[in-house]
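Note sheet for the following structure.
Just so you know, ligand 1 is whichever comes first in the structure, and atom 1 is the first atom listed for that ligand.
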Amino acid sequence: MLIKKPADIRPSEITSESNYLKRRDFMRAGAIAGGSLFASGAMGAVIPDGRLAKLASIAKSSFSTTETPNSFEDISTYNNFYEFGMRKVDPFENSQEFKPRPWTIEVAGHAEKTGRYDFDDFMKPFDLEERIYRMRCVEAWSMVIPWVGVPLADVVKHFKPTSKARYVAFETLNDPEQMPGLHGRSLKWPYREGLTIAEATNPLAILAVGIYGNVIPNQNGAPIRLVTPWKYGFKGIKSIVKINFTATRPKTSWNMAAPREYGFYANVNPKVNHPRWSQARERRIGAGIFAGKHETLMFNGYGEHVAHLYKDLNLRRNF
Ligand code: MTE
């Protein structure tokens with residue numbers, strides 16, 4: 001990222017809880033849309049008093065960590081979402097008018113089922129699970145986030161990719177009217193990401209639609225974003241509008257912007273440093289700005305589930 005070194009993050013970039021609660025009073029994000037995703041009584045992404053709607057029927061998962069999750073305030077005010085600006089507070093401050101409904105997701109490419117789907121229709125076949133995951137940003141900070149989402153493997157299987165499909169490519173909405181950061185040239189828009197089919201069908205990968213049991217806030221990628229906890233956070237593309245099954249490796253935003261710094265795989269790897277800083281350690285957000293760093297784990301600690309995907313790959317070259 002065009003990133004500051006972790007030590008450069010000023011305390012003023014982190015919103016205090018009282019400030020956050022004041023701002024929450026005028027959160028009015030989503031348009032009303034009924035759907036089975038929501039707990040009874042809630043009609044849409046945002047209930048009338050401005051709070052985020054509760055999601056219904058969420059199963060627990062053995063993939064969840066028992067580490068203490070970060071506060072909702074940490075998770076929703078310290079963000080990277082360059083479409084809304086480059087400072088950590090920008091996504092929170094600039095995305096409250098963003099409309100995650102109505103929302104259409106296009107499924108394209110080498111699959112038996114393709115087409116344009118309304119978000120609620122897209123979600124209907126899948127069951128929600130809570131996945132409490134560590135997230136390690138390439139900038140050397142980390143959080144623990146209680147996502148609610150659906151296994152990406154279920155989504156991939158549902159659309160029946162053909163034998164030609166070797167990758168899944170994702171794109172974010174590209175709407176300069178709603179996303180002020182798109183007027184800048186920090187990246188080539190739309191934001192793009194991709195996974196191999198084997199990665200996309202690994203049981204850890206999810207498409208997240210919620211946090212802490214409620215609908216996902218705009219700044220975290222409403223209405224739907226990718227979460228791959230063994231990879232650096234930038235793989236977790238937000239506000240997805242297109243899923244494309246491709247035969248060749250898709251171009252990805254940070255790799256296009258700085259190919260020597262950000263690879264396609266982006267697996268968390270404490271032994272392969274970023275050209276400008278070490279990846280050996282990380283700072284846990286919320287532990288206090290001056291809290292000591294702790295060691296970063298290979299594959300962010302998820303090696304038992306994913307290491308086999310890369311056994312024939314030179315991870316220094318394929319970073
Ligand atoms: N997706 C889009 N569309 N635009 C972005 O700028 N930033 C990425 C990723 N997804 C980004 C994005 C980066 S660098 C990180 S670390 C995570 O989102 C941050 O997710 P969070 O803000 O929910 O913690």
Side-chain angles (χ1 to χ4, degrees), residues 1-4 6 9 13-15 52 69-95 98 100 131-149 169-176 178-182 184-195 206-212 215-243 252-258 261-263 266 268 274 279 282-286 296 300:
M1 326 300 73
L2 300 178
I3 350 190
K4 298 181 205 172
I9 295 163
E13 289 184 30
I14 298 170
T15 318
L52 294 159
N70 277 83
S71 67
F72 180 75
E73 184 190 354
D74 288 340
I75 297 168
S76 60
T77 60
Y78 188 92
N79 299 101
N80 279 330
F81 198 167
Y82 277 26
E83 287 86 336
F84 292 100
M86 289 167 58
R87 294 177 315 153
K88 292 288 180 276
V89 295
D90 285 341
F92 170 72
E93 290 189 342
N94 298 334
S95 72
F98 178 72
R131 298 281 183 104
I132 307 172
Y133 282 156
R134 291 177 291 278
M135 181 172 81
R136 168 61 158 84
C137 177
V138 76
E139 298 163 334
W141 53 264
S142 63
M143 290 202 206
V144 176
I145 304 183
W147 303 107
V148 180
F170 302 89
E171 276 180 30
T172 294
L173 181 72
N174 185 5
D175 180 357
Q178 292 199 78
M179 298 167 138
L182 292 176
R185 288 205 217 121
S186 51
L187 288 171
K188 259 193 213 148
W189 312 110
Y191 196 98
R192 279 168 259 218
E193 259 310 333
L195 299 170
I206 59 167
L207 292 179
V209 297
I211 290 174
Y212 269 119
V215 166
I216 193 168
N218 291 341
Q219 58 271 32
N220 293 93
I224 186 163
R225 60 89 58 84
L226 177 66
V227 178
T228 47
W230 72 99
K231 293 178 177 287
Y232 290 119
F234 70 86
K235 293 298 279 186
I237 182 170
K238 296 179 170 183
S239 304
I240 295 168
V241 291
K242 186 168 179 185
I243 299 176
T252 55
S253 287
W254 281 102
N255 182 244
M256 283 191 286
E261 302 191 2
Y262 309 106
V268 175
H274 187 282
Q279 293 294 23
E282 64 198 56
R283 181 173 64 90
R284 184 61 58 82
I285 299 298
T296 288
N300 202 20

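- Remark: Tyr232 pairs with no residue by the ring-ring contact (aromatic ring centres under 6.0 Å, His included) rule, at least two apart or across chains.
- The shortest N or O to N or O distance between Trp141 and ligand 1 is not under 3.5 Å.
- Below 4.0 Å from some heavy atom of Thr172 lie the following atoms of ligand 1, by number and element: 3 (N).
- Residue Glu139 does not touch ligand 1, judged by heavy-atom distances below 4.0 Å.
- Every atom of ligand 1 with a heavy atom of Cys137 under 4.0 Å away is listed here by number and element: 16 (S).
- Using a 4.0 Å heavy-atom cutoff, Arg225 is listed among the residues neighbouring ligand 1.
- Asn70 meets the side-chain contact (heavy atoms from CB on, under 4.5 Å) test with Asp74, Ile75, Met143, Val144, Arg284, Ile285; sequence neighbours excluded.
- In terms of polar-atom proximity, Lys238 is counted as a contact of ligand 1, with an N or O under 3.5 Å from an N or O of the ligand.
- Below 3.5 Å of separation, one finds no N or O of Gln219 facing any N or O of ligand 1.
- Heavy atoms of Met135 come nearer than 4.0 angstrom to ligand 1 in at least one pair.
- Distance check: Thr77 OG1 to Glu93 CD gives 9.5 Å after rounding to the nearest 0.5 Å.
- Between the CZ atom in Arg134 and the OG1 atom in Thr296 there is a gap of 10.5 Å [rounded to 0.5 Å].
- Taking CD1 of Ile224 as the start and CD1 of Ile240 as the end, the distance is 6.0 Å to the nearest 0.5 Å.
- By the 3.5 Å distance cut-off applied to N or O atoms, Gly236 is counted among the residues near ligand 1.
- A distance of 11.5 Å separates CG in Asp90 from CD in Gln219, rounded to the nearest 0.5 Å.
- How far OG1 of Thr228 is from CE of Met135: 10.0 Å, rounded to the nearest 0.5 Å.
- With distances taken over non-hydrogen atoms, the option nearest atom 2 (C) of ligand 1 out of Tyr78, Tyr262, Tyr191 is Tyr191.
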